[in-house]
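Values below: every heavy atom of this structure, side chains too, minus hydrogens, waters and symmetry copies.
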Amino acid sequence: MTHSRARKNLGESGERVAALALAQRGYTLLARNYRTRTGEMDLIARDADGLAFIEVRTRRGNAAGTPEESLTPRKRARLIAVAQEFLQARPEWSNSAWRIDLVAIELDRAGRLARLEIIKGAVEE
């Protein structure tokens, strides 16, 4: 398996784990892998506080740093832009409170879940 294929599989499995964890915490999933010309949002959901645009970051081991550290200023700006595009395309959501959350997932060397943390409002507008 190529490195990029392995990374894609890791990301997809992380998104599945995140979607399940969010559902268990009362989030209602609205969209997965929402794409615009600007970029992509892993998950879009609703909870008691409003609309949540969710970036999922999955890491196996910490050689590449933590999931939180992988969220660069450029990526943060792109997430905000994608969220704004979603809201502009859907007038029914335009007056909703919204935020960008991060789901940080770390797996151990065997691929087992070592940490899953939902960080509400991880990206400030």
Main-chain N/O of Trp98 paired with Ser96 side-chain donor or acceptor, under 3.5 Å: no

Single-linkage hydrophobic cluster, 4.5 Å side-chain cutoff, Leu71 and Ile80 together: yes

side-chain contact (heavy atoms from CB on, under 4.5 Å) evaluation trace for Leu43 with Tyr27: CA-CA 11 Å; Leu43 303 168; Tyr27 286 69; over 6 Å; no

Verdict with reasoning, Lys120 to Asp47, per side-chain contact (heavy atoms from CB on, under 4.5 Å): CA-CA 11 Å; Lys120 285 189 169 194; Asp47 73 356; 3.0 Å; yes

Side-chain touch Val123/Leu102, heavy atoms, less than 4.5 angstrom: no

Distance, nearest 0.5 Å, that separates CD1 of Ile44 from CD1 of Ile100: 10.0 Å

Heavy-atom closest pair, residues Ser94 and Pro91: OG-O, 2.7 Å

Audit row: Leu79, Met41, side-chain contact (heavy atoms from CB on, under 4.5 Å) steps and yes/no: CA-CA 7 Å; Leu79 292 172; Met41 189 67 62; 3.9 Å; yes

Nearest heavy-atom neighbours spanning Ile118 and Leu22: CD1-CD2, 3.6 Å

Smallest separation among heavy atoms of Asp49 and Ala97, with atom names: O-CB, 3.7 Å

Single-linkage hydrophobic cluster Ile119~Leu20, side-chain heavy atoms < 4.5 angstrom: no

Shortest non-hydrogen contact between Glu40 and Lys75, atoms and distance: O-NZ, 4.2 Å

Any Leu113 side-chain heavy atom under 4.5 Å of Leu107 side chain: yes

Distance in Å, Leu116 CG paired with Thr58 OG1, rounded so as to fall on 0.5 Å steps: 8.5 Å

Gly14 to Ile105 - nearest heavy-atom pair and separation: O-CD1, 3.2 Å

Phe86 and Tyr34 aromatic ring geometry - parallel, tilted or perpendicular at 30°/60° bounds: perpendicular

Test applied, side chain to side chain contact (heavy atoms under 4.5 Å, CB included); reference residue, Phe53; option that passes from Val82, Asp101, Leu87: Leu87

Pair Glu106 + Arg59: basic N to acidic O under 4.0 Å: no

Main-chain N/O of Glu124 paired to Arg76 side chain as donor or acceptor, under 3.5 Å: no

Expected output: side-chain Arg115 to main-chain Ala104 donor-acceptor under 3.5 Å: no

Hydrophobic cluster identity match, Val17 and Leu29, side-chain contacts under 4.5 Å: yes

Side chain to side chain contact (heavy atoms under 4.5 Å, CB included) partner of Asp42, chosen from Arg32, Arg57, Glu15: Glu15

